[in-house]
Every structure is written in structure tokens, then in C-alpha cells.
Amino acid sequence: MAIKKSELYSSLWKSCDELRGGMDASQYKDCVLVLLFIKYVSDKYAGIPYAPVTIPEGASFKDMVALKGKPDIGDQINKKIIAPLKSANKLTDMPDFNDAGKLGSGSEMVEKLTSLIAIFENPALDFSKNRAEGDDILGDAYEFLMRHFAVDSGKSKGQFYTPAEVSRVIAQIIGISEANTSSNTTVYDPTCGSGSLLLKVGDEANAKVTLNGQEKDGATSGLARMNMILHDHATALIFQGNTLADPKFKDGETLKTFDYVVANRVDGRFHYI
């Protein structure tokens, strides 16, 4: 059956409320987004040979559910779930699920993480059986959460998210939809944030192009990598680092060139295409 977007978004935003407790949205968004990622890839890829995402034995969402109520749940999530997934899929910075400063200590942390995991157990979020209403429901949900986190924290969306409207305009301006593209066509964003602009450019192309990005912030580059996987671009290359001081995309000592380069500056004063 199809999942209604309104129901999915309502359920996911409810999960955010479980972690509020006076925290700034930017502090807890990573935990919620990572849980969404783990639930999705576990439902879709766990136990499937040669899948684009590796789910190590003992590191699926089902294994996370088994940790509910345990006094050391935060530490166990870090060690048994996050660490293996991070290593197997070359993910960058991941949130600390044992951070007492953000999640509380003792029984408070146990209750908060247990309740949060329970929300993602909703049968409507079984992505192995349900399908979207004709479009990328997971990607849309991911962007929905990032947009609302930005608004809720009172910070610029550009810190980790380029609004979809801006991304679509830039993607159309560069003319990639009219070009003869292929898997060898390369697109690069030197300040990719969570990767939303890259993905919109990829959507405009007539073929599945190769996406590349670099992001200075470690946590945000991790979100970008997960965002690529959620949008079926598991082979996209996302590197963490300062693009000006330490560019990662190079051919020897020379900067690598790409067919298309796009970027959205954080302060919104200009867009580079």
C-alpha cells in the first residue's frame, strides 16, 4: 500500500518532539535524521547480497529495537549500530547517542531513546513493503525535516539545506535537462551542505549523472552522504573538508574539473553556477 506523506511527516515530526527538552533544533536533528536513515536502509537492504548499502550483522534497526529500555542504550547504539554502519559504508561524522548533555542522563536518556525508537517502529514506516505515492517519499521526508529543523532553530536553511525552490531554479538555469548526459557526466558542489542542490541537478538530467560534493562541516557532510543513499545515489562521492584550504577533488596536484559546478552560498547573497 502507499504511504500518505501527511501521515509520514506527522509521525517523523512527532519524533522530533521526543527530543526537544529545551534543546535547539540543530542539536537533535542529527539523531532523528540518522534514525530515519537506519530504518530505511535496514528495511530496504538488510540481508540483500551486493546491496549498495552494507548492513553489518547485528547493526540493523531490528537490533536497535532490541536495545530499548537497556540502562546503557546510548552507549550500545554507538557501539553496536552506529560504529559498524559508519565503517562499512564510509560515513563521516555521526551523532553521539550517548551524549548526556543533549539526551539527558540515566533514566531520562533511556526513556527518550526508547520512545524515539518506538516511533520508527510504526508499521506505516515499513519501507520493505510500502511504496511511495509515485515519487521519492523518503527523500522528501528527509528534506522536510531539514527544512523544519532550520526554521525551528531560527537559523538559515543554507547552513545545511538549500531550499528546493532555489535548487530547482539553479538546476534549470545550467541547462542540464537539455544536454546529452550519461553516467560519465559529472556534477560538483564545492559547498554541498546536505546535498539537496546536487540531487535537484541530478533530477533535472536525462540520465543518472555522477554526483560529487565537498562540505566543511563534518556532521553536515555525513547528512549529505546519507541523503545521497536515500535518493538512490549510493555511489555519489561526498568528502568532508574546507574546499578552499583543502580541496579533496584533485588530479594529482591539479584541481579536478567537472561538467557542471553549482553552489549556493550560505548567506544567500549570490549563487554560483
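This structure is a prediction, so every number in the text was calculated from the model and none was measured. Every heavy atom of this structure was used, including side-chain atoms; hydrogens, water molecules and symmetry mates were not.
Rounding to the nearest 0.5 Å gives a distance of 11.0 Å between NZ of Lys62 and CG of Asp43. Rounding to the nearest 0.5 angstrom, the gap separating the NZ atom in Lys248 from the NZ atom in Lys250 is 9.5 Å. Within the model, atoms OH of Tyr260 and CD1 of Ile176 stand 5.0 Å from one another, a figure rounded to the nearest 0.5 Å. Atom-to-atom distance recorded for Leu211:CG and Tyr188:OH is 13.5 Å, nearest 0.5 angstrom. Distance check, rounded to the nearest 0.5 Å: CD1 of Ile119 to CG of Asn122 gives 9.5 Å. Atom CD of Glu204 is separated from atom CD1 of Ile170 by 11.5 Å, given to the nearest 0.5 angstrom.
Remark: Glu121 CD is packed, more than 12 non-hydrogen atoms of other residues, nucleotides or ligands lying under 6.0 Å away. Enclosure of atom NZ in Lys86 by more than 12 non-hydrogen atoms of other residues, nucleotides or ligands within 6.0 angstrom is indicated.
With a 4.5 Å cut-off on side-chain heavy atoms, Val201 and Leu197 count as touching. Between Thr257 and Leu255, the closest side-chain pair of non-hydrogen atoms is not below 4.5 Å. The side-chain heavy atoms of Val209 and Asn184, taken from C-beta on, include no pair separated by under 4.5 Å. Between Val41 and Ile229, some side-chain heavy-atom pair lies under the 4.5 Å cut-off. The shortest distance between side-chain heavy atoms of Asn98 and Leu103 does not fall below 4.5 Å. Side-chain contact between Phe239 and Asp246 is absent, with no heavy atoms from C-beta onward closer than 4.5 Å. You'll find the side chain of Val187 stays beyond 4.5 Å of the side chain of Ile174, heavy atoms only. Met226 has its side chain out of reach of Leu33: every pair of non-hydrogen atoms, C-beta onward, lies at least 4.5 Å apart.
Shortest non-hydrogen contact noted between Lys70 and Val110 is O-CG2, 3.5 Å. Gly195 approaches Ala224 most closely through the heavy-atom pair N-CB, 4.0 Å. Shortest non-hydrogen contact noted between Ile73 and Gly69 is CD1-N, 4.3 Å. Minimum interatomic distance between Phe120 and Lys39 (heavy atoms only, all atoms of both residues): O-CE, 2.9 Å. Met64 and Ile77 make their closest contact through CE-CG2, 4.0 Å (heavy atoms, listed as atom of the first residue, atom of the second, distance). Scanning both residues, Val34 and Pro95, for their nearest heavy atoms gives CG2-CD, 3.5 Å.
A donor-acceptor contact shorter than 3.5 Å links the side chain of Asp189 to the backbone of Thr191. At least one donor-acceptor pair under 3.5 Å links the side chain of Thr185 to the backbone N or O of Ser182. No donor-acceptor pair closer than 3.5 Å links the side chain of Asn227 to the backbone N or O of Leu223. Side chain of Ser42 to backbone of Ser60: no donor-acceptor contact under 3.5 angstrom is found. Remark: the backbone N or O of Leu237 is not paired with any side-chain donor or acceptor of Asn212 at under 3.5 angstrom. Side chain of Arg225 to backbone of Lys90: no donor-acceptor contact under 3.5 angstrom is found. Of the possible polar contacts, none joining the Gln214 side chain to the Cys192 backbone as a donor-acceptor pair under 3.5 Å is found. Checked by atom type and distance alone, the side chain of Gln240 pairs as donor or acceptor with a backbone atom of Lys216 at under 3.5 Å. Of the possible polar contacts, one joining the Thr243 side chain to the Pro190 backbone as a donor-acceptor pair under 3.5 Å is found. In terms of modelled atom types and a separation under 3.5 Å, the side chain of Asn78 and the main chain of Phe97 share a donor-acceptor contact.
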Asp63 and Leu67: CA distance, side-chain angles, deciding distance, side-chain contact (heavy atoms from CB on, under 4.5 Å) verdict:
CA-CA 7 Å; Asp63 298 300; Leu67 298 175; over 6 Å; no
Under the side-chain contact (heavy atoms from CB on, under 4.5 Å) criterion, do Leu198 and Ile238 qualify, and how do the steps go?
CA-CA 11 Å; Leu198 272 175; Ile238 304 294; 4.2 Å; yes
side-chain contact (heavy atoms from CB on, under 4.5 Å), that's the test. Do Met228 and Leu199 meet it? Break it down for me.
CA-CA 8 Å; Met228 295 296 122; Leu199 290 166; 3.6 Å; yes
Dump the intermediate steps for side-chain contact (heavy atoms from CB on, under 4.5 Å) on Arg168 and Lys200, then the final yes or no.
CA-CA 6 Å; Arg168 291 191 187 99; Lys200 288 297 185 295; 4.0 Å; yes
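Comment: Asp232 engages Lys208 in a salt bridge, judged by a side-chain N to carboxylate O separation of less than 4.0 angstrom. Ion pairing between a basic and an acidic side chain is recognised when a charged N comes within 4.0 Å of a carboxylate O; Lys112 and Glu108 show such pairing.
For Asp251 and Thr254, the side-chain atoms include no donor-acceptor pair closer than 3.5 Å. Defined by atom type and a distance below 3.5 Å, a donor-acceptor pair is present between the side-chain atoms of Thr186 and Asp259.
The ring of Phe249 has its center closer than 6.0 angstrom to the ring center of Phe258.
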